[in-house]
Amino acid sequence: MENEVQKKRILSGIQPSGDLTLGSYLGAIKNWAALADEYDCYYMLADMHTITVRQVPAELRRHTLTQVAAYIASGLDPEKNVLFVQSHVPAHAQLGWVLDCYTMFGELSRMTQFKDKSAKNADNINAGLFTYPCLMAADILLYQPDFVPVGEDQKQHVEICRDIATRFNGIYGDTFKLPDPYIPQVGARVMSLTSPEKKMSKSDKDPNGCVYMLEKPEDILRKFKRAITDSDTERCVRFDRENKPGVSNLMSIYSAVTGRSFEAIEAEFDGKGYGAFKPVVGEAVVEMLRPIQEETRRLLSDKAYLESVYRAGAEKASYVAEKTLRKVYKKVGFLAR
Ligand code: TRP
């Protein structure tokens, strides 16, 4: 056989905790689709993470299936990418437990996401929320990936994953590859349309701050028309994250959608105010999403196909994951079955 160069591996995941947002699309999924030729890609729907916060069971199932359809509709070809559901691959829970035993109470207590989420869910600060980083470390380490594309907010989780892997490797010898977070050069960091200092998030209390991938065009347009712009006196379309966070957010969305540079956008709207800019961004987003929405709906009407995709995904993922798990079980001293 020809000496084929081993492609570098990528793994990432998004929780099916709600409808996917424009932020997940522009910041993650859209860029993932472009990586398939160069990398060996694994994309997981992290449903086991989702239940750290109480869910309505039927909704979780619907969000999970819809997310599979939206991944494919966004250009993630299931022949070229391994698309799978976390709970379909038992090795995640199995390695998660082992890693719980190699992670310290103190280091978990310092995680900012744990502190934030326990503040938001004061009546349900469960053990899963606390050990979440161990499960996420398992998600990653099972696949021995080179890169883990994540947003800023997840970098700390990739760091603790490296710490856990380093500790384990230190005790038992090389077992896990140390993954690097991969912050893509392209791809927008999409902020809330109503509070542009915060990341656009499906858990945002204000429904007008967040645009969903599958939202109706008229609702998307309305949200963009009402987007907060800045109270500076200049009133012109110019990129300045610090002093003009609202307009800068709209500019980076418009740039991600159209591929235009900030300079080109500034020139396009030179002499026109915010009022002219906002609906243009809204319409560009609607047009970008239109074919994805249609394809998602078409796929959702073909349940048998979606099932075949996530089943095949689980099979391919399990093959890789179990190999790592067997190694780990042996190293820690479990008797072979
Ligand atoms: N914790 C991530 C989030 O909430 C989702 C996630 C779970 C993930 N496991 C992962 C991301 C592994 C990257 C790699 O956004």
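Along the sequence shown, residues are numbered consecutively beginning with 1.
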Can you name the closest pair of heavy atoms from [X] and [Y] and give their distance?
X	Y	value
Pro78	Tyr305	CG-OH, 3.5 Å
Ala317	Val89	CB-CG2, 4.0 Å
Pro179	Ile140	CG-CG2, 3.7 Å
Met213	Ser74	CE-OG, 3.4 Å
Lys205	Pro207	O-CD, 3.2 Å
Leu250	Lys278	CD1-CG, 3.8 Å

*asked:* Distance to the ring centre below 6.0 angstrom and angle to the axis at most 45 degrees; does that hold for Lys316 and Tyr319?
replied: no
_Heavy-atom check, side chain of Val285 versus side chain of Leu289, under 4.5 Å_ = yes
*Report yes if some heavy atom in the side chain of Leu193 is under 4.5 Å from a heavy atom in the side chain of Phe224; otherwise report no.*
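The answer is yes, as the side chains (C-beta and beyond) meet within the 4.5 Å cut-off.
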*With a cutoff of under 4.5 Å between side-chain heavy atoms, which Ile, Leu, Val, Met, Phe, Trp and Tyr residues group with Leu135?*
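Met48, listed by chain and number.
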*Show which residues join Leu60 in its hydrophobic cluster (side-chain heavy-atom contacts under 4.5 Å, direct or indirect), or state none.*
Ile51
Any chance you could measure [X], atom [atom1], to [Y], atom [atom2], to the nearest 0.5 Å?
X	Y	atom1	atom2	answer
Asn169	Lys177	CG	NZ	12.0 Å
Leu306	Tyr71	CG	OH	13.5 Å
Gln113	Lys120	CD	NZ	8.5 Å
Ile164	Met136	CD1	CE	10.5 Å
Asn124	Lys117	CG	NZ	11.5 Å
Asp163	Ile160	CG	CD1	6.5 Å

Does one hydrophobic cluster hold both [X] and [Y], with members joined at side-chain heavy-atom distances below 4.5 Å?
X	Y	value
Tyr102	Leu178	no
Val281	Ile228	no
Leu20	Met191	no

Looking at [X] and [Y], does any basic side-chain N land under 4.0 Å from a carboxylate oxygen?
X	Y	value
Glu268	Arg260	yes
Glu287	Arg290	yes
Glu107	Arg110	no
Asp40	Arg9	yes
Glu152	Lys199	no
Arg297	Glu294	no
Lys202	Asp19	no

*Arg62 and Glu59: salt bridge (charged side-chain N to carboxylate O under 4.0 Å, His left out), yes or no, with the steps?*
CA-CA 5 Å; Arg62 183 175 66 78; Glu59 290 284 284; 3.2 Å; yes
*Would you confirm whether Thr21, through its side chain, and Val211, through its main-chain N or O, come within 3.5 Å as a donor-acceptor pair?*
no
*Lys323 (side chain) donor-acceptor with Ser318 (main chain) under 3.5 angstrom*: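 The answer is no, because no donor-acceptor pair under 3.5 Å joins these two groups.
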Count the heavy atoms of every other residue, nucleotide or ligand shown that sit under 6.0 Å from [atom1] of [X], and state whether that count exceeds 12.
X	atom1	result
Glu79	CD	no
Glu315	CD	no
Lys8	NZ	no

*Check step by step if side-chain contact (heavy atoms from CB on, under 4.5 Å) holds for Leu22 and Tyr212.*
CA-CA 5 Å; Leu22 178 67; Tyr212 297 97; over 6 Å; no
*For side-chain hydrogen bond (donor to acceptor under 3.5 Å, both in side chains), just list the numbers for Asp47 and Ser87, CA-CA rounded to whole Å, side-chain angles, deciding distance to a tenth of an Å, and then say yes or no.*
CA-CA 6 Å; Asp47 58 345; Ser87 65; 2.6 Å; yes
*May I have the step-by-step check of side-chain hydrogen bond (donor to acceptor under 3.5 Å, both in side chains) for Ser255 and Ser252, ending in yes or no?*
CA-CA 5 Å; Ser255 167; Ser252 73; over 6 Å; no
*So which of Tyr42, Phe176, Tyr43 actually passes ring-ring contact (aromatic ring centres under 6.0 Å, His included) with Tyr143?*
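For Tyr143, the ring-ring contact (aromatic ring centres under 6.0 Å, His included) test succeeds with only one of Tyr42, Phe176, Tyr43, which is Tyr42.
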_Checking side chain to side chain contact (heavy atoms under 4.5 Å, CB included) between Thr50 and each of His63, Gln86, Gln55, which is the one that passes?_
Gln55
*Evaluate ring pair (Phe, Tyr, Trp, His ring centres under 6.0 Å) for Phe269 paired with Tyr274, printing each intermediate quantity in order.*
CA-CA 9 Å; Phe269 291 93; Tyr274 296 156; over 10 Å; no
*Between Asp180 and Arg162, is a salt bridge (charged side-chain N to carboxylate O under 4.0 Å, His left out) present by the stated rule, with each step listed?*
CA-CA 8 Å; Asp180 284 311; Arg162 289 174 60 97; 3.0 Å; yes
*asked:* Set out, in order, the CA-CA distance, both residues' side-chain angles and the distance that settles side-chain contact (heavy atoms from CB on, under 4.5 Å) for Glu322 and Arg326, then state yes or no.
replied: CA-CA 6 Å; Glu322 274 164 23; Arg326 276 197 300 274; 4.0 Å; yes
*Mind running side-chain hydrogen bond (donor to acceptor under 3.5 Å, both in side chains) on Thr194 and Asn208 for me, showing each step along the way?*
CA-CA 7 Å; Thr194 49; Asn208 291 318; over 6 Å; no
_Test of understanding: with side-chain contact (heavy atoms from CB on, under 4.5 Å), list the residues that count as partners of Lys198, not counting sequence neighbours._
Ser195, Asp204
